[in-house]
Amino acid sequence: MSQPETAVRIVTAADAAVLDRLADDVFDHPVQPALLAAFLANPSNLLAVALSDEVVVGMASGIAYVHPDKPLQLFVNEVGVSARFHRRGIGTRLLRALLEHARALGCTEAWVVTEDENRAARALYGSIGGVEQAERAAVFEFALADARATDGDSGR
């Protein structure tokens, strides 16, 4: 039996309902309607999805941003594909769609960060022309909200 066709597209506020049907392991947490609406209401936020039988099986998100000293750039936030759909080129197609959309918006550069040990991500980014920088970066996180204050908003 053949695999169903997988379509990739950019999601807008008008078609946010496409995210009503998700494979369990595409996003880190359940998609919350209010957060999705806020995300899609900001034209700088970009979301590409992969659909198989009308179920979202992959996604890539990013933000197009401008600095006072640089032209518009794309920061790729994350790429996620359901484990059942790995090794089918879906991550590549999602990332290409995100990059093409960013190019159409006028972005002159895109960048992404991943962990050194994430060989799959590094291979993906390199396979479509990304150049790994020799300079290593340190990542710092700042907790800005009390986790207990946000638990009630998790939608669970």
Side-chain angles (χ1 to χ4, degrees), residues 3-142:
Q3 299 290 332
E5 174 118 4
T6 303
V8 171
R9 69 184 213 209
I10 301 295
V11 177
T12 66
D15 60 354
V18 72
L19 290 157
D20 288 348
R21 296 186 62 204
L22 300 168
D24 293 339
D25 54 348
V26 172
F27 287 89
D28 295 330
H29 306 284
V31 172
Q32 298 176 40
L35 295 177
L36 175 60
F39 181 91
L40 295 174
N42 182 341
S44 295
N45 293 332
L46 309 179
L47 180 64
V49 297
L51 296 145
S52 179
D53 284 339
E54 298 184 34
V55 174
V56 174
V57 298
M59 67 85 187
S61 66
I63 184 165
Y65 67 97
V66 65
H67 279 259
D69 64 334
K70 298 178 191 94
L72 196 61
Q73 297 182 349
L74 173 71
F75 169 66
V76 177
N77 184 48
E78 62 184 327
V79 179
V81 176
S82 173
R84 294 186 324 267
F85 289 81
H86 283 184
R87 311 287 307 155
R88 296 186 193 178
I90 293 172
T92 299
R93 291 177 57 209
L94 284 163
L95 191 53
R96 285 189 190 281
L98 200 64
L99 294 172
E100 283 302 315
H101 190 69
R103 186 177 288 115
L105 292 174
C107 290
T108 60
E109 185 175 54
W111 61 280
V112 63
V113 176
T114 194
E115 299 82 7
D116 278 338
E117 65 274 2
N118 191 338
R119 294 178 197 265
R122 291 170 68 187
L124 167 63
Y125 303 141
S127 74
I128 63 169
V131 177
E132 190 167 331
Q133 301 299 299
E135 183 178 308
R136 306 325 275 172
V139 177
F140 295 85
E141 291 184 7
F142 299 89

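Values below: every heavy atom of this structure, side chains too, minus hydrogens, waters and symmetry copies. It should be emphasised that the depicted structure is a prediction, and the values quoted were computed from it without experimental measurement.
- For Tyr65 and His67, the gap between ring centers is short of 6.0 Å.
- Side-chain contact check for Arg93 versus Thr6: some heavy-atom pair is nearer than 4.5 Å.
- Minimum heavy-atom separation, Leu22 to Val55: C-CG1, 3.8 Å.
- One finds the CG atom of Asp20 at 11.5 Å from the CD atom of Glu54 (value rounded to the nearest 0.5 Å).
- Among all heavy-atom pairs drawn from Ala97 and Val8, the shortest one is CB-CG1, 3.7 Å.
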Starting from the C-alpha separation in whole Å, work towards a yes-or-no answer on side-chain contact (heavy atoms from CB on, under 4.5 Å) for Glu78 and Asp28. CA-CA 10 Å; Glu78 62 184 327; Asp28 295 330; 3.5 Å; yes
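- Open room surrounds CG on Asp24; 12 or fewer heavy atoms of other groups in view lie less than 6.0 Å from it.
- Taking the side chain as every heavy atom from C-beta outward, Val31 and Leu35 never approach each other to under 4.5 Å.
- Here the OG1 atom belonging to Thr92 is positioned 5.0 Å from the CG atom belonging to Leu124, to the nearest 0.5 angstrom.
- The closest side-chain heavy-atom distance from Ile128 to Leu99 is below 4.5 Å.
- Put simply, the side chain of Leu95 does not reach to within 4.5 Å of the side chain of Val112, judged on heavy atoms.
- Counting heavy atoms from C-beta outward, Leu98 and Val79 have side chains that stay 4.5 Å or more apart.
- For the atom pair CG of Leu105 and CD of Glu100, the computed distance is 11.0 Å after rounding to the nearest 0.5 Å.
- By the 4.5 Å heavy-atom criterion applied to side chains, Val11 and Asp15 are counted as neighbours.
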Set out, in order, the CA-CA distance, both residues' side-chain angles and the distance that settles side-chain contact (heavy atoms from CB on, under 4.5 Å) for Met59 and Leu19, then state yes or no. CA-CA 10 Å; Met59 67 85 187; Leu19 290 157; over 6 Å; no
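- Of all heavy-atom pairs between Gln133 and Val131, the closest is NE2-O, 3.2 Å.
- In plain terms, the two heavy atoms of Ala50 and Leu94 that are nearest each other are N-CD2, 3.5 Å.
- Taking OG from Ser44 and CZ from Phe39, the interatomic distance works out to 10.0 Å, rounded to the nearest 0.5 Å.
- Put simply, the side chain of Asn45 does not reach to within 4.5 Å of the side chain of Leu40, judged on heavy atoms.
- Annotation: the span from Asp53 atom CG to Arg21 atom CZ amounts to 8.0 Å, rounded to 0.5 Å.
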Would you check, one step at a time, whether the test side-chain contact (heavy atoms from CB on, under 4.5 Å) holds for Leu74 with Arg103? CA-CA 9 Å; Leu74 173 71; Arg103 186 177 288 115; over 6 Å; no
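- Residues Arg88 and Val81 fail the side-chain proximity criterion, which asks for heavy atoms closer than 4.5 Å.
- Nearest heavy-atom pair, Asp25 versus Ser82, reported as atom, atom and distance to 0.1 Å: OD1-OG, 2.7 Å.
- Annotation for Ala121 and Thr114: closest pair CB-OG1, 3.6 Å, computed over non-hydrogen atoms.
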